[in-house]
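Shown next, in structure tokens, is the structure this report addresses.
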Amino acid sequence: GNDKKKFKGDKSSCSPSRVLHLRQIPSDVTEAEVISLGVPFGKVTNLLMLKGKSQAFLEMASEEAAVTMVNYYTPATPHLRSQPVYIQYSNHRELKTDNLPNQARAQAALQAVNAMQSGSLAVTSALAAEGGPLPGQGSVLRIIVENLFYPVTLEVLYQIFSKFGAVLKIITFTRNNQFQALLQYADPMHAYYAKMALDGQSVYTACCTLRIEFSKLTSLKVKYNNDKSRDFTRLDLPSGDGQPPLEPSIAAAFGKKPSLLVSSDAINTLPGLSVPAAPATLTSLAVTTSAVSGQMTIPGVTDVPGNSVLLVSNLNPEAITPHGLFILFGVYGDVHRVKIMFKKKENALVQMADAMQAQLAISHLNGQRLYGRVLRATLSKHQTVQLPREGQDDQGLTKDYSNSPLHRFKKPGSKNFQNIFPPSATLHLSNIPSSVTVDDLKNLFASTGSTVKAFRFFQKDCKMALIQLGSVEEALHALIELHNHDLGENHHLRVSFSKSTI
């Protein structure tokens, strides 16, 4: 009963202590995840989990580290498993846990984290003794992403690098055919830690390797907030290509500390990683490349926290329908709801099954031409798409597809996860009945306004074929039009983008 009174007290009245008290911890959280909250601020020396009470105590090596941590998380509440976690100083000055039951797991997790950190910290502490980063090492990093088999967006970089401190600005660009970024931290020490920990790491398993060096620039000037550059301290900047400035909520979504999604077994699967708080993208989105086929498989990540609703803008109101958006975005994830804006039909909201799929859809569809316009896709400020109230007429602009039989990714581990490719002029067709000929299919595609450049059935399997159209835009239109087209004999045509050309 005493505990309750203690914690009701005002946070600030509690004097600083290196022991922190954490509340509202989700019941399924691992020790490693809780430890990972403290890691960016210094060494974590002990942990006591009170799972029944959804609380934990975390002991930092120094009071200074604990103060930095509380100051950082007070305005930007950290999240574990999508739930906010509250942190304050404890009345305890140290944690004595030696003779408590169930401490073995906590100690094992601490050892794993410290073993990982000691590699990078040995160097850092030597430098810290000399006063931190070397002279001339500022707070701006230059990042080159090698082996870019898979898109790395500004958001992904933000999520990864935020683990090490407050990221102020990011500019991305392509030079010498390489995707590069400049990233500015608030503090050179954070830039230093991030470089130590992440240089040479891969964002996704076996691809997208980060090469990081200090930039000679002392600070970055960002003119526009869009998918290529962003200043997280200035939400009022224009986007520069005719888009309105970022919705404050989008900016706020990126201003949140991303949830740390590391399970203790993730720690063991990333032997080379010198940070236990392997950034969310480094673990949960780990995309494994099967060396043989070179195909991507994304493990069934269903509970990635973050927003799964997209704002799609600059649509052609004459041509677009909720069904069209459902089919197109359905190539990159399961679309649950679509709403075309009643007053501004160039804009729509598309709700995906999870944040991972939303990110995939943005990286593949933003900037594609559709019905004569360049489509824009970003995260929306809305967490869900509201259905119209009963009896309210919205001209059929809002549709609920959550029970649609056309979802491609319902089955965990489905083969479709391995066949996600960017839009291309060549489409992969499957589920073709034996009675349908080359000419039938060519005519079918020509009837949607496509120019058919080439066609071939798969040798082994006449149920599948590749068809090459005049342009990527034609292929987008044809996919929307003809995916699930009834070819007779109870066969509905399946259409996807292909990585091959004919």
Side-chain angles (χ1 to χ4, degrees), residues 39-42 68-69 71-73 75-76 78 120 124 127-128 131-146 148 151-176 178-201 203 208-241 245-246 248 250-258 260 274-275 277 279-282 378-379:
V39 165
F41 305 95
T68 313
M69 181 169 161
N71 291 347
Y72 185 87
Y73 286 135
S120 61
T124 11
L127 274 178
L134 302 170
Q137 293 182 345
S139 50
V140 179
L141 296 176
R142 176 160 162 249
I143 302 150
I144 295 177
V145 186
E146 295 176 346
L148 194 71
V152 172
T153 59
L154 185 144
E155 284 77 35
V156 166
L157 291 174
Y158 177 79
Q159 214 176 350
I160 294 173
F161 283 83
S162 291
K163 297 290 182 285
F164 298 89
V167 173
L168 303 185
K169 302 169 190 174
I170 303 179
I171 298 172
T172 64
F173 53 96
T174 302
R175 182 170 294 162
N176 306 335
Q178 277 184 315
F179 177 74
Q180 304 194 16
L182 291 165
L183 182 144
Q184 182 180 345
Y185 276 104
D187 177 342
M189 204 62 208
H190 296 158
Y192 178 76
Y193 280 127
K195 178 181 185 303
M196 291 294 307
L198 295 174
D199 188 24
Q201 296 300 336
V203 179
C208 304
T209 308
L210 300 171
R211 299 278 169 235
I212 303 174
E213 49 197 63
F214 285 100
S215 164
K216 297 192 176 60
L217 298 169
T218 48
S219 81
L220 300 178
K221 283 197 175 58
V222 174
K223 295 196 190 101
Y224 303 117
N225 278 341
N226 54 32
D227 51 4
K228 301 279 186 284
S229 63
R230 203 160 294 162
D231 182 337
F232 295 95
T233 61
R234 294 266 322 268
L235 306 188
D236 54 330
L237 291 177
S239 70
D241 48 6
L246 269 184
I250 295 185
F254 292 125
K256 284 201 203 90
K257 190 101 167 78
L260 299 141
S274 46
V275 210
T281 34
L282 282 175
T378 59
L379 289 174

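When reading the values below, keep in mind they use all heavy atoms of this one structure, side chains included, and skip hydrogens, waters and symmetry mates.
Minimum heavy-atom separation, Leu220 to Gln184: N-OE1, 2.8 Å. Between Tyr185 and Phe161, the closest heavy-atom pair is OH-O, 2.6 Å. When all heavy atoms of Ala181 and Leu157 are compared, the closest pair comes out as CB-CD1, 3.7 Å. Between Asn226 and Leu154 the shortest heavy-atom distance is O-CD1, 4.2 Å. When every heavy atom of Ala194 is checked against every heavy atom of Leu141, the shortest pair comes out as CB-CD1, 4.1 Å. In terms of heavy-atom proximity, Phe214 sits nearest to Ala191 at CE2-CB, 4.2 Å.
For Glu213, the side chain to side chain donor-acceptor pair (under 3.5 Å) test picks out Arg142, with sequence neighbours left out. By the side-chain contact (heavy atoms from CB on, under 4.5 Å) test, Thr68 pairs with Phe41, sequence neighbours left out. Here Arg211 pairs with Glu146 under the side chain to side chain donor-acceptor pair (under 3.5 Å) rule; sequence neighbours left out.
Thr172 places a side-chain N or O within donor-acceptor distance of the main-chain N or O of Lys228, the cut-off being under 3.5 Å. Judged by distance alone, the side chain of Asn225 and the main-chain N or O of Asp231 form a donor-acceptor pair under 3.5 Å.
Taking CD1 of Ile143 as the start and CG of Leu198 as the end, the distance is 8.5 Å to the nearest 0.5 Å. Remark: His190 NE2 to Leu168 CG distance equals 10.5 Å, nearest 0.5 Å. For the atom pair NZ (Lys169) and CG (Leu182), the distance works out to 12.0 Å, reported to the nearest 0.5 Å. How far CG of Leu379 is from CG of Asp227: 11.0 Å, rounded to the nearest 0.5 Å. Rounding to the nearest 0.5 Å gives a distance of 10.5 Å between CG of Asp199 and OG1 of Thr209. Atoms CD1 and CG, on Ile212 and Leu183 in that order, are 9.0 Å from each other to the nearest 0.5 Å.
Taking 4.5 Å as the limit, some side-chain heavy atom of Ile170 sits within range of a side-chain heavy atom of Phe232.
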